[in-house]
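Chain letters run A, B, ... following the sequence lines, proteins first, then strands; residues in each count from 1. Please read all numbers here as calculations on a predicted model, not as lab measurements. Computation of the quantities below employed the complete heavy-atom set of this structure, encompassing side-chain atoms and omitting hydrogens, waters and symmetry-equivalent molecules.
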2 protein chains.
Amino acid sequence: MSTDAAPAAPKYYLLKTEVLGLIAGLQPGTLIPTERALAEKYATSRTTVRQAISELVAEGKLGRIQGHGTFVAPPKVTHVRQLTSFSDDARTQGLRPDSRLIALEVLKSDANVAAQLGLDQGEQVTRLERIRLIEGEPLAHEVAWLPGKLPRFKSSLAKAGSLYAVLADVYGVQIADVEDTVETALAGPADVRLLGIEMGAPLLVVHRLARDAAGVPVEWTRSTFRGDRFRFVSRVKSGA
Amino acid sequence: MSTDAAPAAPKYYLLKTEVLGLIAGLQPGTLIPTERALAEKYATSRTTVRQAISELVAEGKLGRIQGHGTFVAPPKVTHVRQLTSFSDDARTQGLRPDSRLIALEVLKSDANVAAQLGLDQGEQVTRLERIRLIEGEPLAHEVAWLPGKLPRFKSSLAKAGSLYAVLADVYGVQIADVEDTVETALAGPADVRLLGIEMGAPLLVVHRLARDAAGVPVEWTRSTFRGDRFRFVSRVKSGA
DNA sequence: CAACATTATTGGTCTATGCCAATCTTGACA
DNA sequence: TGTCAAGATTGGCATAGACCAATAATGTTG
């Protein structure tokens, strides 16, 4: 008589629960049985095992390396996101942040970037592309656009490390407010290459628009974070 | 000589791109060819077609209904998240929000809830569980815990609709700041049942702790949003 | 002993196929 | 005309097996 009974859990989901029990309490990095071994142990096909394992990987509970094996994943990193930068956030938690510069160039803005920064299409913008690492592990891919051409930007950035520090100390630009947009996406080949994750892994895509006190946009950034390794925190205080 | 060539895109990924082209410009709701038809058209197996389609579904670009077909998904809803509530956020954008009450009960706090709200384990808390809908579609599952027992809470909530409105108008509680934690997860059977999504769909799980001006916790909420239908926006202003 | 080639192991992709479950269509029947 | 039953269609789950790609282990050779 019940209108909607709970859906009977499919076999791959039961197996998922089974594996969760298997890894409970194990140290990160511990290898679990191979897919073929699990298939035999639970009297199922490797396809079904892979579906279960794949979801656990997507959830950040397992990791896997071709030719090596499947292992218990390390816990998520919590990212406190206020007006601070990636590097400041990380250091606050006692983690060692790092950046790998991929590109730093001055070019003409396309329609989208111009709209975000309040420029006319074709006006000069500085494009900064970086990989962000924590404890040596690449966790985010970040492309920032800044209006205009910034003199001695590269050397300043190399010295300070933090983009926001450079803006404040070198150019006297104070960020007054930021607007973050967070959505989910799945990893494609580019993300796989840049972040060393697997196809289809969940991502958190964050777009940030930062303005100065006068409300003039000073930065527009698209950041792609590993969804299996990150957790965002944002604090908002009331009007006063 | 290149150190790391771009990985050769697997067939299911090429197919994904192919289907993306197929649906570009189509109206939401438009049915695309069946899995079996696509498999034949692109000379591949249905398994491969399903892998491609599944990722597009997870990304919110397609939807599917067993026995009916696969169709172009509607665009994402943007959720502006400040100090406001779900219903206020939605109305601001001209969308019709709604709530379906699942449970409203007073019970003893467990260890976790007590810790979040700054209570001793076992102290009374009010638990409010709701499904949040926009334009009639269930988009989020929300469980809120409030300290203590609130008199006439149910009727007040039914009248006002918004939890924050009730807190302010009926109990005189002003939210002074909130802390949101955003992370990704994949849908399990419970999420499937409550939100009408498919197993493994990406979710945005948000934990919110709201405090009053004195810093006393007044609400702790766990919200599960459909990752394929939502986009979060948070605005943060500088200290002054 | 060190460097290299070979082999085995493990995850990554793909095929072909079967049956189940939900939905829609069609047609028989009252 | 309306209702219900049967069949066709479509996505959901699972199997068994094959081959590829990356890694690790082994053995050979200089």
Undergrad: D/dT9, OP1 or OP2 - any side-chain N/O from B/Thr34 closer than 4.0 Å?
TA: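 Checking D/dT9 against B/Thr34, no side-chain N or O comes under 4.0 Å of OP1 or OP2.
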
Undergrad: So which of B/Asn112, B/Val143, B/Leu146 actually passes side-chain contact (heavy atoms from CB on, under 4.5 Å) with B/Trp220?
TA: B/Asn112

Undergrad: Measure the distance from CD on A/Glu40 to C1' on D/dG17 and round it to the nearest whole Å.
TA: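 Rounded to whole Å, this separation is 15 Å.
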
Undergrad: To the closest 0.5 Å, what do you measure between CD (A/Glu183) and NE2 (A/His207)?
TA: 6.5 Å

Undergrad: D/dG12 phosphate, OP1 or OP2: any side-chain N/O from A/Lys11 under 4.0 angstrom?
TA: no

Undergrad: Evaluate B/Glu59 against B/Lys16 for salt bridge (Lys or Arg N to Asp or Glu O under 4.0 Å), listing each step before the verdict.
TA: CA-CA 11 Å; B/Glu59 290 172 31; B/Lys16 212 174 137 180; 2.7 Å; yes

Undergrad: Distances under 3.5 Å between protein N/O atoms and the N/O atoms of nucleotides 16-18 of chain C, please, pair by pair.
TA:
| from | atom 1 | to | atom 2 | distance (Å) |
| --- | --- | --- | --- | --- |
| C/dA16 | N6 | B/Thr47 | OG1 | 3.3 |

Undergrad: Short of 4.0 Å, heavy atom to strand atom, which residues of residues 13-29 of chain B count as contacting DNA chain C?
TA: none

Undergrad: Does the side-chain contact (heavy atoms from CB on, under 4.5 Å) test come out yes or no for B/Val205 and B/Thr184, once each step is laid out?
TA: CA-CA 6 Å; B/Val205 178; B/Thr184 62; over 6 Å; no

Undergrad: Rounded to whole Å, please give me the gap between CG in A/Leu31 and C1' in D/dT23.
TA: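 It is 12 Å, rounded to the nearest whole Å.
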
Undergrad: Decide yes or no for B/Lys41 and B/Arg36: does some side-chain heavy atom of the first lie under 4.5 Å from some side-chain heavy atom of the second?
TA: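 When only atoms from C-beta onward are counted, B/Arg36 and B/Lys41 do not touch, as no gap falls below 4.5 Å.
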
Undergrad: May I ask you to check whether over 12 heavy atoms, not counting those of B/Glu40, lie within 6.0 Å of atom CD?
TA: no

Undergrad: Look at the side chain of B/Glu135 and the backbone N and O of B/Arg96, then say whether any donor-acceptor pair between them is shorter than 3.5 Å.
TA: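 Pair found, side chain donor or acceptor close to backbone of B/Arg96.
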
Undergrad: Has B/Arg130 got a side-chain atom pairing as donor or acceptor with B/Leu104's backbone, closer than 3.5 angstrom?
TA: no

Undergrad: Rounded to the nearest Å, what distance is computed from the CZ atom of residue B/Arg50 to the C1' atom of nucleotide C/dT15?
TA: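 So the CZ-C1' distance, B/Arg50 to C/dT15, works out to 16 Å.
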
Undergrad: Treating B/Ser54 as the side-chain partner and B/Arg50 as the backbone partner, does any N or O pair qualify as donor plus acceptor under 3.5 Å?
TA: yes

Undergrad: Quick one: closest heavy-atom pair of A/Ile131 and A/Pro138, and the distance?
TA: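 For A/Ile131 and A/Pro138, the tightest heavy-atom pair comes out as CG2-CB, 3.8 Å.
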
Undergrad: Shortest non-hydrogen contact from B/Phe230 to B/Lys76?
TA: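 Nearest pair, atom of B/Phe230 first, then B/Lys76: O-CD, 3.6 Å.
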
Undergrad: What residues in residues 51-73 of chain B put a non-hydrogen atom under 4.0 Å from any atom of DNA chain C?
TA: B/Gln66, B/Gly67, B/His68

Undergrad: Whole angstroms only, please: what is the CD-P distance between A/Glu35 and D/dT15?
TA: 14 Å

